[in-house]
Amino acid sequence: MNNKQDLEKKWQERWKSNLSFNASKKPDKKKPKYYVLEMFPYPSGNIHMGHVRNYTLGDVVARYKKANGYNVLHPMGWDSFGLPAENAAKENNIHPSEWTNKNVNTMKEQLKSMGLSYDWSREVSTCDPQYYKFEQKMFIDFFQKGLAYKKESWVNWDPVEKTVLANEQVIDGKGWRSNAVVEKKLLNQWFLKMTHYAEDLLETIESLTNWPDRVKLMQNNWIGKSLGANISFKIIEKDEKIEVFTTRPDTLFGASFIALAPSHPISLNLSKNNSTIKNFIDECNKNSTSEAIIEKNEKKGIYTNLNVVHPFDEGIKIPVYIANFVLMEYGTGAIFGCPAHDQRDLEFAINYKLPVLPVVKPKNYIKSDYKITDTAFTDDGVIINSSFLNGLNVTDAKKRAIEELERMNSGKSSTTWRLRDWGISRQRYWGCPIPIIKCNYCGDIPVPTEELPVELPYDINLDSPGNPLDAHPNWKFVKCPKCNKSAERETDTFDTFFESSWYFIRFTDPDIDIPFSKSIANYWMPVDQYIGGVEHAVLHLLYSRFFTRALKDCGYLSISEPFKGLMTQGMVCHQTFKSGDGKWVFPHEVEKKNNKFYHTVNGNEVFSGRVEKMSKSKRNVVDPLSIVNKYGSDTARIFMVSDSPPERDMEWSNAGVEGSYKFLNRILRIVNETQKPKKLINLDLVDNKNTVIKKIHQSIKDVTDGIESFRFNVCIAKLYELTNMISKLDSKTDFETSLKFYGLEILAQLISPFAPHHAEEIWSLMGHKILICDTDWPKFDKRFLSVEQISIGVQINGKLRGNISYNKNAEKEEIQELALSLSSVKNRLGGEKPKKVIIVPERIVNIVV
RNA sequence: GCGAGCGUGGCGGAAUCGGUAGACGCACUGGACUUAAAAUCCAGAGAAAGGUAACUUUCGUGGGAGUUCAAGUCUCCCCGCUCGCACCA
């Protein structure tokens, strides 16, 4: 224990006994509501710096909004289902639930030591049957509404462990534990019909004005609405057609091949009596299911011996290939390749020596010998080599081509989405059981509501291969609720994104025995400010947006957008260190001497590497607890926000932490050294030319604006400035003393969202009885913000040559005269008259010569 | 590969609208206090060249081009790094 910990504990206990941060149970009619939420953590064992940053950001907002008179909801919980618990179980022989609950308890204590303003009475943990039973009901509602369905889909299959692998468990095409070559396997799985809301999910993005543009763009591109055409190509060798989707019907005359997905029905059909094709498809199926890996692979294909006829010219014959880069999930699972105007197609054509005929020419290209060599031309231009499309631009040619296809009955305009339905089946133990009973006679029957929750069995063997629930001796064997014959439970569990798609609504009413009450959810929702990592920019946020819509359509609540405001924070990075033999070294084992680094234990020299995201594998982690123990959590919080803007990556540095620590101590010292005034200040009697009062009120404005716009680092800089000024103030007269005291009061309030414990401490040192967290946010008085004398730069030809100062009421002529009378300007003009003088009042004077 | 973002002194960063680049902090240097150190306080500082000095000049926001009276900010190209790519959360 040190005095920082005592200080912080004292105030944490006060907040706790005062219920300072408990949100009202019922809607508060007198105050506007504000819901602040940080992405809840996966209980991996200990909090890390990423959490500290995330939760500090949220806490600043929550405390600031409370001070501004809002009824604030600021809850915390645990995203406690997931793969790591199963891995830990296998490695350490501990049950996933024990491991998880132990971690939850540890991390909760750690979070509590940070003094975050959570309403802990609302805590939820998603692995609790009292939580997941509600989502089982939701799933059944989705199922009955046609929003959940079953279909076959590919998974990564480890043939040795007989288990499905997550993409991250596949390393270089091999299983991470077994090292066996991973295969793709088709499994019958549950899906949620996210595509049902594709149009709405896309269109509503625009209305999310408090979301970062980049996240909106990413979601836009992810949903990926493409307007184009479906075209059918007649196969010459048999009486069959290939349906192709394209966004570029204008380039149809440049088509030099057709490419089918390896799992396209025609491909599969051909493979039945052609071993070369079968081998090729098998080869493709050894590939990962990861789109990134598929696209990075070399473009490969195999000729099918089939050819199609060009729809616009029966004389043109186009070969049909099966290609590893065509996805069955997108469009029709078949494309036509136009190498001249698509880079992937071009690479493929070069590999297989297929013709490359340009059909779009850049507008400014006059000569007639336009050729494509190694770069496809994808911009707008003039159509060439294309019969009736010649001379048109790309947009018009698209239209014209579709008209013609429709007239000939061999194609039509069509819309395709990149967005796919959400596959939610996982062949794992530590997840929420899917509440379905598979009956040979009745099909898939939902578990009756009164039998929910379907709880996970505790006695489970995670060491045997295969799906643990499927392998359990009796768990899956039940009677069909409909016909009462023997049936089996669904043994898959939900994707853990399922839990995190509605936890934010559960927080609004976490004790009720329905998922949440509609009226209370309607009161608190949407989340006004959601804060978390950018890595969730697409999936989690899109799933939640979908889920809220589905819940709305099932009558659960009345809103469809869950998150009104979004802030995506950057990563916490740290310098890496390696020993001479190339092993990673923990930063706390490194000391610096004469600009070289040495290992504190063995004394050997170590070498500093790049600054990278903190990760256990690179050992460049700093344990938040060690920081809290040594400096207190306020220091950690101040440092978290002081250096980098929240959305950008930040670098953890010891020197920075020391700086924050000194800053807080300095404020404490100033308060201790400042005597209490005989009389408090009366602002009405203070002259608006007084620079001290001006600085104080400017600080209120700057810090307020900074918090509102998430520029917390600027807030801290402004607080430093205010502190620097206050520390230099005299207190010889009563007026000076009361002014300094007033400045300190404002400083305490302005710093309270960032360093809440110290703010309380100095507030009480100054003699206040109520908690600072219960005070109103200070307001600035415009009277003290006015600037009389304006100082601006004077440029000649855009280069700064001096500056002038004038009264804010000065006319343009006066400003010009002042600028031209500067000796530095006169010297440069040498008596000549300037060509032009640009005067932007309160900004700049630029003299053009 | 595709989509998105970022790049400013020795370092983290500031510059809200295209208008005095480098606020604030760290590290550094000098001074005060101290037997000494730590802590604290005061002062200095983008780089280069010139000057005893006050100062002067030139360069400068990853690189290159462009728009503009004026570009860290807008446009195009290039380089580097980061995130996401549907079973990690």
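Values in this document were obtained by computation on a predicted structure and should not be read as measured data. Only this structure's heavy atoms are used, side chains among them; waters, hydrogens and symmetry mates stay out. Residue numbering restarts at 1 for every chain, and letters A, B, ... go by the order of the sequence lines.
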Can you tell me the base-pairing partner of [N]? Count Watson-Crick or G-U wobble geometry only, both distances below 3.5 Å, and say none if there is no partner.
N      : value
A54(B) : none
A32(B) : U40(B)
C76(B) : G64(B)
G10(B) : C26(B)
G1(B)  : C85(B)
A21(B) : none

Pick out which of F754(A), F663(A), W652(A), Y631(A) makes a ring pair (Phe, Tyr, Trp, His ring centres under 6.0 Å) with F639(A).
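When F754(A), F663(A), W652(A), Y631(A) are each tested with F639(A), the ring pair (Phe, Tyr, Trp, His ring centres under 6.0 Å) holds only for W652(A).
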
Determine, for W211(A) and K216(A), whether the Lys NZ or Arg CZ falls below 6.0 Å from the six-membered ring centre while staying within 45 degrees of the axis.
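Relative to the ring axis of W211(A), which defines the angle, K216(A) lies outside at least one limit.
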
Taking the six-membered ring of F191(A), is the NZ or CZ of K151(A) close enough (under 6.0 Å from the centre) and on axis enough (within 45°)?
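The answer is yes; both the distance and angle limits are met.
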
Can you pull the contact range of chain A along RNA chain B, 5' to 3', using atoms under 4.0 angstrom from its heavy atoms?
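In short, chain A contacts RNA chain B from G1(B) to A89(B).
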
Aromatic ring proximity F81(A)/Y132(A), centre distance under 6.0 Å:
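Between Y132(A) and F81(A), which both carry aromatic rings, the centre distance is below 6.0 Å.
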
How long is the gap from CZ on F712(A) to CE on M640(A), to the nearest 0.5 Å?
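Spacing of CZ (F712(A)) from CE (M640(A)) equals 13.5 Å.
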
Within 90° of 0 counts as syn, otherwise anti: where does G9(B) fall?
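Syn, angle within 90° of zero.
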
Give one of base, sugar-phosphate or nothing for K836(A), where a contact means two heavy atoms less than 4.0 Å apart.
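Since no nucleic acid heavy atom lies under 4.0 Å of K836(A), the category is nothing.
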
Mind checking E535(A) for me? I need base, sugar-phosphate or nothing, with any heavy atom below 4.0 Å counting as a touch.
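Counting heavy atoms under 4.0 Å across all strands, the contact made by E535(A) includes a base.
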
Is the closest side-chain donor-acceptor distance between S153(A) and Q189(A) under 3.5 Å?
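Short answer, yes.
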
